[in-house]
There are 2 protein chains.
Amino acid sequence: MTPHRQTDPAAPSLEQARRQIARYGLTADPQAVLVAARLMAAGARIGQAGEVHFGRFGLSTGRYRLLADLEDHGGEKSPSQLATSLGVSRATVTGLVDGLEREGLVARRPSTDDGRGNVVILTARGADRLRELAPEHFARMQSMVAGLSVEERTVFLDLLARIVAGIEALAED
Amino acid sequence: MTPHRQTDPAAPSLEQARRQIARYGLTADPQAVLVAARLMAAGARIGQAGEVHFGRFGLSTGRYRLLADLEDHGGEKSPSQLATSLGVSRATVTGLVDGLEREGLVARRPSTDDGRGNVVILTARGADRLRELAPEHFARMQSMVAGLSVEERTVFLDLLARIVAGIEALAED
DNA sequence: TATCAGTGCTTAGGGAGCTAACTATTGGGT
DNA sequence: ACCCAATAGTTAGCTCCCTAAGCACTGATA
């Protein structure tokens with residue numbers, strides 16, 4: 001359960017960026033590259049921290065998101081809908097539901113109006129689990145951004161959204 | 001190779017945050033929770049986009065980082081050092097090196113001054129690969145943050161660093 | 001009405017990362 | 001000089017997520 005401890009690993013420096021760009025005789029802006037690299041490093045760290053966080057409650061990030069999404073929709077949703085709203089593949093939903101079902105936090109029922117379909121249901125145990133973890137979960141989420149003032153958070157939200165829009169530049173084509 | 005396409009999946013809304021907090025009668029600040037949730041969502045997306053990006057060159061994020069780190073250190077480093085500087089476990093380095101060695105981008109040599117140790121060496125093919133992908137890599141990194149002005153990037157860098165410092169709040173204890 | 005493309009879900013297989021446990025070697029304390 | 005804890009690396013086994021391929025069912029079209 002104790003995850004790999006990182007002193008401050010992948011925090012690339014401006015110097016590194018500059019050196020790499022120079023090595024290949026490119027003309028990229030080192031600061032821009034640095035921002036992108038730092039963001040990718042931060043993304044990885046947040047992901048790992050999230051797993052540790054949810055691991056405390058016997059869940060993973062994916063499983064928590066599925067449970068929370070289910071609760072937000074009256075505790076009942078098809079795997080396809082879940083895949084869409086969580087932004088993962090249907091195969092991934094199958095795996096997440098398998099795990100959650102094994103622990104009795106959700107249940108599968110055949111759909112009444114589509115012979116192919118399933119419905120995933122949040123069980124009482126699942127709802128309990130969400131209720132139990134909520135206080136600590138939200139408290140930790142809050143303290144994660146406690147280093148920023150309200151105004152700074154607003155700015156950050158704006159800048160982050162614009163970068164997220166730029167992510168497709170990495171993946172696109 | 002074509003990854004799962006997401007319209008705009010896990011972009012939680014302020015309303016959702018508010019509703020969840022209210023459901024459990026908590027007193028958390030919805031905006032703060034929103035920032036944390038958005039950041040986690042963004043982290044996941046960036047991670048996936050990174051895999052797509054490096055997948056184009058027959059690499060993964062981890063493998064690229066290992067190659068780049070190697071090059072930054074004269075093309076020679078021990079697995080333990082790599083684990084430390086990449087911020088991953090030694091077991092993960094073993095796996096990454098296995099893969100890179102299979103493709104001839106890296107080679108293992110027994111250490112001369114420590115009978116237990118290995119040295120991982122960047123091969124000519126490995127250096128070539130880095131050189132080939134550099135132009136596109138840096139161009140895409142740059143365009144990822146192209147939506148921000150230089151000043152905004154500086155602000156973002158500062159805010160991000162302060163949040164990264166707060167990540168331990170999620171994982172700590 | 002018979003067919004067939006599309007949709008819903010699962011299975012199979014792969015890569016990344018982790019922890020825990022094991023082997024081999026080193027090096028400091030007695 | 002010897003022993004034993006610490007260190008280097010690997011292996012085994014887990015979770016998450018993915019793609020690709022398969023099966024079951026639906027529904028529009030000829």
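Here is how names work: the chains are called A, B, and so on, in the same order as the sequence lines, proteins then strands, and each is numbered from 1. Computed from a prediction, not measured in an experiment: that's the story for all the values here.
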Q: Check every atom of D:dC16, D:dG9, C:dA16 against the side chain of A:S60 and return the nucleotide holding the closest atom.
A: D:dC16
(Q) So A:S78, base contact, sugar-phosphate only, or nothing? Heavy-atom distance under 4.0 Å. (A) sugar-phosphate
**Q.** Under 3.5 Å: donor-acceptor pair, side chain of B:Q142, backbone of A:D29
**A.** yes
Q.
For a quick check of understanding: with a heavy-atom distance under 4.0 Å over all strands, which category does B:S80 fall into, base, sugar-phosphate or nothing?
A. sugar-phosphate
(Q) Is the phosphate of C:dG17 approached by B:T92 (side-chain N or O, under 4.0 Å from OP1 or OP2)? (A) no
Q: May I ask you to decide whether B:D69 forms a salt bridge with B:R65, counting only side-chain N to carboxylate O separations under 4.0 Å?
A: no
Q | B:K77/B:D72 salt bridge by N-O under 4.0 Å criterion | A | no
Q: Check the side chains of B:S13 and B:E15 for a donor-acceptor pair under 3.5 angstrom, ignoring hydrogens and angles.
A: no
Q.
Below 4.0 angstrom, which residues in residues 96-110 of chain A have at least one non-hydrogen atom near DNA chain C?
A. A:R108
Q.
Would you say B:S89 places a side-chain N or O within less than 4.0 Å of OP1 or OP2 belonging to C:dC18?
A. yes
Q.
Under 4.0 Å between a side-chain nitrogen and a carboxylate oxygen: does that hold for B:R125 and B:D128?
A. no
**Q.** Ring centroid separation A:H137 to A:F57 under 6.0 Å
**A.** no
Restricting both atoms to N or O, compile the protein contacts to nucleotides 27-29 of chain D shorter than 3.5 Å, with distance only.
none

Q. Of the nucleotides D:dC16, C:dA16, D:dC17, which one has an atom closest to the side chain of B:R63?
A. C:dA16
Q. Do B:D98 and B:R102 meet the salt-bridge criterion of a basic N to acidic O distance under 4.0 Å?
A. no
